[in-house]
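Down below is the structure, laid out as structure tokens.
Proteins come first, then strands; the chains are lettered A, B, ... in the order of their sequence lines, and each starts at number 1.
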Amino acid sequence: MSKASKNEPVRIALSGRIDSQNAPEVEKDLLARLEGQGVSGVILDAAELRYISSAGLRVVLRLKKTCPEVSIVNVSSEVYEILEITGFTEMMTVKKAYREVSVEGCEEIGRGANGTIYRLDKDSVVKVFHNADALDDIQREREVARLALILGIPTAISFDVVKVGDRFGSVYELLNARSFSGILAAEPEKLDWCVREYVAMLKKIHSTLVPPGKLPDMRQTVLSWAAFLRDYLPAPAFEKLQALVEAVPHDDHMIHGDYHTKNLELQNDEVLLIDMDTLAVGHPVFELASMYNALVGYSEFDHEVIRRFQGFDFETGRTFWERSLAAYLDTDSEEKIRDVEDKARIVGYTRMIRRSIRRQGLETEKGRQEIDLWKGELLSLLEKTDTLLFDVPCLET
Amino acid sequence: MKSPEKIDLHMHTTVSDGTDTPEEILTRVKEAGITLFAVSDHDAVKGSLAILRLRTPEDPAFLTGAEFSCKDEEGKYHILGYGYDPDAKAILRLVQTGHRYRIRKVLARLDFIKNKFGFDFPPEELDRLLAMDNPGKPHIANLMVRFGYAKTKEQAIEEFINKIRFRSEYIRPEEAVEHILAAGGIPVLAHPTYGDGDQLILGENMDRRIRRLTGFGLQGVEAFYSGFTKKMSEEILGFAERYGLYATAGSDYHGKNKLVVLGDTGLGDPAEGPACLHRFLDAIRDRL
């Protein structure tokens with residue numbers, strides 16, 4: 001046991017078996033270690049605990065009565081189950097031990113803002129979170145994915161949380177699945193089929209009403225992006241940008257938030273949506289903005305970006321975007337398509353400029369050129385645009 | 001009796017395996033602010049009899065009690081008897097049966113450690129042991145330590161006494177229930193979730209147990225217990241409601257032997273307690 005200074009929780013390792021034979025000894029030992037330390041809490045580390053009988057549970061319960069801040073960590077699944085059915089998980093923090101997996105030699109099948117996805121074996125993939133302290137994010141993504149599934153969106157739900165080195169990972173079942181990016185890269189002749197499925201899923205998402213308060217409001221997020229540009233745009237342009245976003249009404253329909261071809265998987269004959277941590281509610285213009293960025297925007301200055309990210313070339317991305325937008329809007333009208341594309345680009349450029357500046361884009365020559373390009377486009381779009389709204393066919397039906 | 005403010009109906013004295021004498025426990029009950037209590041020694045009424053002699057009208061309300069170790073084909077149980085007539089033949093017969101079984105067990109163990117390990121004790125020590133109200137493994141272990149056969153009580157039990165496994169005789173649960181009822185008492189299943197101590201019985205299994213014992217005439221369950229989580233108490237209260245049983249509250253205090261705090265039952269203010277507890281308090285009103 002490591003002795004802790006006052007007000008720091010004391011960590012005590014439990015090991016082997018705790019049953020009626022040794023429970024009194026374990027208890028005396030625990031109390032002796034805590035005596036006179038004036039500790040604010042106790043963390044019981046159950047990594048080496050193989051078995052705990054009800055006599056052992058009572059030791060923990062009595063410890064909880066003398067020291068209200070007790071938590072148990074590294075609990076095996078078996079012990080966790082006992083603690084759950086007996087109500088211990090309701091009275092104290094109980095954290096499961098995580099299976100350790102290695103992704104060495106595993107195929108990387110996707111890289112998102114929050115994590116990288118690897119194929120573990122033929123049945124499962126793991127999303128390894130970049131953030132070392134990702135347990136809350138993982139829990140949130142699980143809840144969001146469950147909500148989406150309940151609302152009728154086909155998606156994979158993580159069934160296990162694992163430790164990958166010093167990071168956490170979420171494990172998903174994904175059998176023989178291929179991402180749409182992979183299909184487009186290997187079989188360009190399937191572009192039209194991909195567009196059809198991609199848009200069908202998009203319409204399904206956008207026609208899903210989410211109970212209030214369950215998902216973040218994308219409009220708030222976009223307002224914060226816009227606010228960031230205050231110091232980087234001429235005042236009239238900045239004010240117009242802000243007014244345009246503010247004028248978008250609240251909308252309780254679902255949006256995915258990062259809807260690109262790597263986040264759509266074909267599993268057997270079923271299309272699945274993955275990477276659900278960006279799920280939000282809001283007007284579809286916000287979704288189209290992130291789609292535009294992923295398929296076109298990020299690669300406008302350097303066409304190689306999309307090849308690195310999606311595996312197909314700039315022209316394929318551009319074509320895929322245009323056909324998808326036309327199918328989504330259910331129109332052949334070039335004018336209509338350009339009009340909606342321009343609205344999406346306003347939000348898209350806002351996001352990309354902010355992102356690049358925050359990543360020290362202004363400190364390299366290439367970064368500055370890219371930001372200048374996007375800024376020029378944004379300023380000219382702001383001049384000719386009076387609203388970000390448009391008719392969304394899937395929401396009318 | 002006015003409504004009790006603090007209840008503890010499960011505690012042990014030196015008559016069984018507690019470390020407080022009946023006098024000491026009466027003092028501690030008062031210090032703990034308990035206003036209704038019962039002494040529930042294992043297979044013995046002597047603790048309760050002692051309290052009846054000791055207490056004065058100013059002392060907290062008192063209910064006679066005992067805890068009987070029972071077993072049948074389905075498992076082991078601890079059955080509490082409350083509010084019995086301490087002079088009733090039925091309860092004395094039950095205590096005698098329990099005591100007889102206990103003595104036979106002690107003799108079997110003494111035989112075993114003598115034959116297997118050569119541990120022998122002077123006859124006067126054995127007489128003293130067998131004359132105790134409630135001799136058991138801890139008492140044999142103490143003797144072994146005193147005579148240098150083991151370093152500690154725990155070592156004596158684990159390395160020697162526990163090496164013998166034999167079929168022991170037990171009071172059957174229906175036998176306990178019937179005798180408690182015949183003595184005008186209320187039979188109550190002690191710490192149901194923990195079985196006879198170190199089990200964990202939940203859900204369907206608990207339901208089956210309680211249904212079975214209720215068939216024998218069981219009238220209550222110890223729903224509030226120092227070793228229970230809120231969830232466990234709630235489950236047992238659910239069974240009390242389903243089978244029309246009383247609910248009781250006890251700490252299972254053993255003095256220095258275990259680290260249970262006297263009066264710690266998880267019940268809180270009895271006035272806020274559930275209806276099945278209030279039905280119990282009504283039922284014992286004329287047995288105090």
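- Cation-pi geometry between A/R58 and B/F228 is not met at under 6.0 angstrom from the ring centre and within 45 degrees of the axis.
- Using a 4.5 Å heavy-atom threshold, the side chains of B/V261 and B/Y253 count as separate.
- Neither the backbone nor the side chain of A/N22 comes within less than 4.5 Å of any heavy atom of chain B.
- For B/S226, the parts lying near chain A are the backbone and the side chain together; criterion is any non-hydrogen pair under 4.5 Å.
- Proximity to chain B is limited to the side chain of A/L61, based on heavy atoms less than 4.5 angstrom apart.
- Heavy atoms of A/K65 lying under 4.5 Å from chain B belong exclusively to its side chain.
- Looking at A/E90, only its side chain comes within 4.5 Å of chain B, counting heavy atoms on both sides.
- Ring geometry for B/F160 versus B/F117: interplanar angle over 60°, hence perpendicular rather than tilted (30 to 60°).
- Taking B/E158, B/K230, B/K231 one by one and counting their heavy-atom pairs under 4.5 Å with chain A, the maximum is reached by B/K231.
- Side-chain atoms of B/Y243 and B/D207 include a donor-acceptor pair closer than 3.5 Å.
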Quick one: do B/Y77 and B/D72 satisfy side-chain hydrogen bond (donor to acceptor under 3.5 Å, both in side chains)? Show the steps, please.
CA-CA 9 Å; B/Y77 323 80; B/D72 66 7; 2.8 Å; yes

Give the C-alpha distance, both sets of side-chain angles, the deciding distance and a yes or no for side-chain hydrogen bond (donor to acceptor under 3.5 Å, both in side chains) between B/S16 and B/D41.
CA-CA 5 Å; B/S16 60; B/D41 279 308; 2.5 Å; yes

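- Heavy atoms of B/E234 lying under 4.5 Å from chain A are absent altogether.
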